[in-house]
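Structure first, then comments.
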Amino acid sequence: MTIKPPDSPDGKKSQMWGGRFERGPAAIMEEINASIDVDRRLWREDIEGSKAHSAMLAKTKIITEADANAIHVGLDRIAAEIESGEFVFSKRLEDIHMNIEARLKELIGEPASRLHTARSRNDQVATDFRLYIRRACGETAAAIAALQAALVRQAEKHASSVMPGYTHLQTAQPVTFGHHCLAYVEMLERDRTRFLDAQRRMNECPLGAAALAGVPYPIDRAMTAKALGFDRPTANSLDSVSARDFALETLSAASICASHLSRLAEEIVLWTSPHFGFAALSDAFSTGSSIMPQKKNPDAAELCRAKVGRIAGAFNALLIVMKGLPLAYSKDMQEDKAATFEAIDDMALALAAMTGMIDDMTMNEGAMREAAMRGYSTATDLADYLVRTLGLPFRDAHHATGSIVAAAEKKRVRLDELSIADMRAVEPRIGDDIFKLLTVDASVAARASYGGAAPDNVRAEVKRWKEKLR
Ligand code: ARG
């Protein structure tokens, strides 16, 4: 960006609001004031809103049918011009609303000047932005569902593939990879419904609030609300033009979702590292190193891990823009869009990349099983045996099992490689049947409590999710 000197004389008086002005803005004023580079993205919503508004003005006889028709023809032509790339956006015209209105004037003349009756850019931008974010919420929810479906496919394939479950990233108890995938499906379902909740809550139409106080014309706000797919018009004109919590709520949902993606991404980074070796991404989802020929890097996972930084940054940016703003509209609020648009794009990209990776990823069942067998992962099963079969109180069983683990550690063997004599040295009543309980398969199969890791549970949950996501 080149910034012209502040007293640059080239600013002409605004045709839109320059009536009471003697001269045009300084170049730097134009520079800081213009939002067209960002809000041109709202062109579809702006045209849709203007069509609904002008149709309502005609219906209520505030303008003539002929004027409304001319306005519609002009707006359609502008849409075609923007679509084809021939529309010339001008910074002097500040924003998308005035760019479109000025072009409409060029195209159809006087009727264009009647379009802004009973409306202000304040309710106009509030409406456009809601329409945009409402659609983005729906698209994000659909993208989340696609990721869930990919995870369910992996869960189905790996309903009984044993892997180590961790707490503190220390081997805890065996689980299955399917169960692990379904944990993310649950998380993502909360994310998905958060976007849909936000979408439902924002679905009220601010159009007709005008600058801040409503209008003295007999407008029909229910008509415009309905035409634009809103449930109803907003009930308070001051709130209508000054609320941006619909964007904040969406960004907070995005921040939480991005933080979930970062956790899954981190796991992919771990699983694909040679130290774990649980998973591999194909060449399609890996990158090479410019210096180390052997490297295959999970860059997409790392970028998904990072996206939360920008997305939560956007949430924070808008939250701080909005903090302390008195009612009603303030120009600060023009700063709501850049970060929001970027966050919506980042969210879509991260979800699509993650879906691609999950579908691409092949699991190494042998390596997962091998790892699950290390770290005395079935020690809890031994303790549970002492409780259930021998009637020990759990605390005593925990203590005895700890001694048996220590014995195994001393001999550098797994629990199931200890002799029965070693075990009986700690608890003489342990039976030979203990060994079949100490396998990782027996361990996961035993976790059949509701929500537990047992393969049968995983299969039932896969079935439930497949129906739900269909
Ligand atoms: N470009 C402005 C925005 O995005 C539109 C509303 C301008 N309103 C005003 N009173 N200057 O917020």
Side-chain angles (χ1 to χ4, degrees), residues 155 157-183 267 270-280 362-461:
K157 210 180 300 168
H158 293 289
S160 57
S161 305
V162 174
M163 75 179 280
Y166 301 94
T167 60
H168 315 263
L169 200 59
Q170 307 289 322
T171 304
Q173 292 173 351
V175 295
T176 70
F177 184 63
H179 195 54
H180 199 104
C181 288
L182 292 178
E267 302 212 281
L270 289 174
W271 295 334
T272 56
S273 96
H275 304 287
F276 278 73
F278 290 0
T362 48
M363 304 310 292
N364 184 335
E365 292 171 43
M368 290 194 294
R369 169 174 291 272
E370 180 57 36
M373 285 160 58
R374 287 196 299 266
Y376 311 104
S377 66
T378 57
T380 318
D381 295 271
L382 176 53
D384 290 334
Y385 166 87
L386 298 178
V387 170
R388 294 175 61 193
T389 310
L390 304 185
L392 265 63
F394 184 77
R395 273 293 149 234
D396 299 349
H398 184 285
H399 196 79
T401 305
S403 304
I404 294 172
V405 167
E409 210 166 25
K410 206 174 286 166
K411 295 204 160 170
R412 296 176 179 282
V413 294
R414 296 195 317 249
L415 270 188
D416 62 345
E417 290 167 344
L418 270 182
S419 68
I420 190 76
D422 288 330
M423 296 214 190
R424 285 182 181 154
V426 176
E427 170 48 64
R429 288 176 297 157
I430 293 179
D432 292 326
D433 53 343
I434 185 63
F435 291 105
K436 66 176 192 301
L437 296 180
L438 297 183
T439 68
V440 290
D441 290 300
S443 177
V444 286
R447 300 262 160 341
S449 55
Y450 180 74
D456 283 347
N457 280 359
V458 174
R459 279 184 277 269
E461 284 296 289

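Numbers here simply count residues along the sequence, with the first being 1.
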Testing the basics here: between [X] and [Y], what is the closest heavy-atom pair and its distance to 0.1 Å?
X      : Y      : answer
Asp432 : Ile420 : OD1-CG1, 3.8 Å
Val440 : Pro174 : CG1-CG, 3.9 Å
Ala448 : Ala454 : CA-CB, 3.7 Å
Leu386 : Ala400 : CD1-CB, 3.9 Å
Cys181 : Ala155 : CB-CB, 4.1 Å
Asp384 : Phe394 : OD1-CE1, 3.8 Å

Quiz: residues 367-378 side-chain donor-acceptor pairs under 3.5 angstrom, not counting sequence neighbours:
residue, atom, partner, partner atom, Å
Arg369, NH1, Asp441, OD2, 2.8
Arg369, NH2, Asp441, OD1, 2.9
Arg369, NH2, Asp441, OD2, 3.3
Tyr376, OH, Glu409, N, 3.4
Ser377, OG, Ala372, O, 2.5
Thr378, OG1, Leu438, O, 3.1

Are side-chain heavy atoms of [X] and [Y] found at a separation under 4.5 Å?
X      : Y      : result
Val444 : His179 : no
Arg429 : Leu392 : yes
Ile434 : Thr389 : no
Phe278 : Pro164 : yes
Val405 : Leu415 : yes

Query raised in the report: Does atom CZ of Arg424 have more than 12 heavy-atom neighbours, drawn from other residues, nucleotides or ligands, at distances under 6.0 Å?
Result: yes

Report task. Take Phe276 and Met163 through the side chain to side chain contact (heavy atoms under 4.5 Å, CB included) test and state the conclusion after the steps. Result -> CA-CA 11 Å; Phe276 278 73; Met163 75 179 280; over 6 Å; no

Report task. Dump the intermediate steps for salt bridge (Lys or Arg N to Asp or Glu O under 4.0 Å) on Asp381 and Arg447, then the final yes or no. Result -> CA-CA 10 Å; Asp381 295 271; Arg447 300 262 160 341; 3.1 Å; yes

Requested in this report: Show your working on side chain to side chain contact (heavy atoms under 4.5 Å, CB included) between Tyr166 and Glu267 and close with a plain yes or no.
Outcome: CA-CA 12 Å; Tyr166 301 94; Glu267 302 212 281; 5.8 Å; no

Query raised in the report: Atom OG in Ser161, atom CG in Asn364: separation rounded to 0.5 Å?
Result: 10.5 Å

Report task. Show your working on side chain to side chain contact (heavy atoms under 4.5 Å, CB included) between Tyr385 and Ile430 and close with a plain yes or no. Result -> CA-CA 9 Å; Tyr385 166 87; Ile430 293 179; 4.3 Å; yes

**Report entry** Any donor-acceptor N/O pair, Asn457 side chain to Ser449 backbone, under 3.5 Å
**Finding:** yes

